[in-house]
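One structure is given below, encoded as structure tokens.
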Amino acid sequence: MKKANSVVILDFETTGLSPVQGDRAIEIGAVRLVDGKVEQQFQRLMNPGRPISAFIAQYTGITNQMLATAQPCAQVMAEFADFIADDNLIAHNAQFDKRFLDAELERIGRHYSGQFGCSLLVSRRLFQQAPNHKLGTLVDFHNLAVEGDFHRALFDAQMTAKVWQVMLNHISYRYNIKDIPFSLMQKVAKTSKSKVATLLGQFEVN
DNA sequence: TGCCAGGCCCTCTTTAGGGCCTT
């Protein structure tokens with residue numbers, strides 16, 4: 001039974017930037033938020049079947065040795081497809097993670113039915129005063145507690161979840177809106193910066 | 001041989017260019 005306010009926040013580490021150019025996933029991390037609380041976590045390394053570059057090893061801290069004993073992508077992604085079920089999905093710069101999720105699931109003939117939300121796009125609308133909208137910068141900007149390493153999938157998913165919660169709380173407090181639906185966050189992401197206040201004002205409870 | 005991501009978004013815009021983000 002799907003819970004109405006359940007969402008999966010995910011992050012991929014990969015061999016590079018483009019699945020079209022042959023890049024593969026090497027780690028998936030995700031948290032399931034239900035009514036704003038982390039109810040489940042998912043983290044797996046996966047073996048892409050080829051060595052990763054020195055740059056990716058340095059960038060992520062994931063080594064070829066670590067991947068040598070990991071399950072293959074197909075096995076991990078099948079487990080992850082089961083994990084996400086039909087929940088909506090969130091990622092920081094979602095178009096990047098969506099491309100890899102689509103490519104990896106296509107390889108194993110699996111699909112998902114949820115929509116993708118993007119914490120980067122929402123942040124650009126809500127926090128125009130932030131120095132930039134990189135995940136690490138937003139964690140600093142909002143003074144969020146950090147215990148882990150950036151550029152590892154589960155940690156980045158956890159931090160994205162915290163940023164998402166900050167944004168929900170900001171809208172809830174600023175506009176007095178309770179129980180903000182996923183669909184409203186999607187509207188925020190698609191609205192121009194100059195019109196976001198007007199959009200949210202329409203939902204304000206006086 | 002040579003090249004190599006791509007969608008969003010701003011602006012000195014729309015007959016375009018370049019920075020931002022993700023690994």
Side-chain angles (χ1 to χ4, degrees), chain A residues 8-31 42-67 70 73 76-77 80 84 89-107 112 115-142 144 146 148-164 166-167 185-199:
Chain A
V8 169
I9 297 166
L10 63 93
D11 182 72
F12 278 105
E13 304 305 317
T14 70
T15 64
L17 292 172
S18 173
V20 174
Q21 297 294 318
D23 287 316
R24 299 294 305 272
I26 59 173
E27 188 181 41
I28 178 69
V31 300
F42 187 100
Q43 187 276 325
R44 300 279 194 284
L45 288 169
M46 59 188 115
N47 189 333
R50 81 181 72 133
I52 60 172
S53 68
F55 171 79
I56 293 298
Q58 194 279 331
Y59 187 79
T60 63
I62 297 168
T63 65
N64 282 306
Q65 193 172 22
M66 293 162 68
L67 295 176
C73 293
V76 171
M77 292 309 300
F80 188 61
I84 62 179
L89 308 169
I90 294 166
H92 198 67
N93 197 16
Q95 61 93 11
F96 172 85
D97 293 278
K98 182 178 187 300
R99 283 207 312 271
F100 277 95
L101 182 64
D102 290 351
E104 293 294 345
L105 291 185
E106 174 73 21
R107 285 172 173 269
Y112 59 95
Q115 295 181 33
F116 252 100
C118 180
S119 53
L120 170 66
L121 294 182
V122 175
S123 180
R124 281 178 175 163
R125 305 304 189 279
L126 293 184
F127 302 113
Q128 297 172 29
Q129 71 277 32
N132 61 57
H133 297 275
K134 294 177 183 176
L135 182 58
T137 300
L138 294 176
V139 167
D140 285 341
F141 183 72
H142 297 301
L144 301 175
V146 173
D149 297 316
F150 282 107
H151 307 306
R152 287 302 300 268
L154 179 58
F155 181 77
D156 282 3
Q158 291 169 331
M159 292 299 103
T160 301
K162 287 188 175 185
V163 168
W164 191 258
V166 165
M167 296 193 295
M185 298 299 270
Q186 296 291 70
K187 287 181 182 176
V188 170
K190 293 178 181 177
T191 301
S192 67
K193 289 179 181 176
S194 61
K195 294 181 179 175
V196 164
T198 301
L199 168 72

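This one's a predicted model, so the numbers in the text were calculated from it and none came from an experiment. Here is how names work: the chains are called A, B, and so on, in the same order as the sequence lines, proteins then strands, and each is numbered from 1.
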With a 4.0 Å cut-off on heavy atoms, is [X] in touch with a base, just the backbone sugar-phosphate, or nothing at all?
X	result
D97(A)	nothing
D11(A)	sugar-phosphate
T60(A)	sugar-phosphate
E13(A)	sugar-phosphate
L135(A)	sugar-phosphate
F12(A)	sugar-phosphate
A57(A)	nothing

From [atom1] of [X] over to [atom2] of [N], roughly how many Å is that when rounded to an integer?
X	N	atom1	atom2	answer
I26(A)	dT22(B)	CD1	P	16 Å
R152(A)	dT23(B)	CZ	P	13 Å
L10(A)	dT23(B)	CG	P	12 Å
K134(A)	dC20(B)	NZ	P	8 Å
E104(A)	dT23(B)	CD	P	15 Å
F55(A)	dT22(B)	CZ	P	12 Å
L120(A)	dC20(B)	CG	P	12 Å
L101(A)	dT22(B)	CG	C1'	15 Å

Expressed in whole Å, how much space separates the [atom1] atoms belonging to [N] and [M]?
N	M	atom1	result
dG6(B)	dT23(B)	C1'	13 Å
dC4(B)	dG19(B)	P	16 Å
dT14(B)	dC8(B)	C1'	16 Å
dC12(B)	dC20(B)	P	16 Å
dG7(B)	dG2(B)	C1'	25 Å

State which of [options] makes the closest approach to the side chain of [X].
X	options	answer
N93(A)	dA5(B), dT23(B), dG6(B)	dG6(B)
Q95(A)	dG6(B), dC20(B), dT22(B)	dG6(B)
V20(A)	dT23(B), dC20(B), dG6(B)	dG6(B)
R124(A)	dC20(B), dT23(B), dC10(B)	dC20(B)
T14(A)	dA5(B), dC10(B), dT23(B)	dT23(B)
L121(A)	dA5(B), dC8(B), dC21(B)	dC8(B)

Other residues, nucleotides, ligands: >12 heavy atoms within 6.0 Å of D102(A) CG:
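Buried by this count: over 12 neighbours within 6.0 Å.
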Greater than 12 external heavy atoms within 6.0 Å of Q58(A)'s CD
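For Q58(A), atom CD is not crowded (no more than 12 foreign heavy atoms under 6.0 Å).
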Any side-chain heavy atom of [X] sitting closer than 4.5 Å to one from [Y]?
X	Y	result
Q43(A)	R152(A)	yes
I62(A)	I56(A)	no
T15(A)	F100(A)	no
I84(A)	F42(A)	no

On DNA chain B, compare the nucleotides closest to R99(A) and H133(A); which residue's is nearer the 5' end?
R99(A)
Going by atom types only, do T137(A) and N132(A) share a side-chain donor-acceptor pair under 3.5 Å?
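Looking only at side-chain atoms, N132(A) and T137(A) do form a donor-acceptor pair, the distance falling under 3.5 Å.
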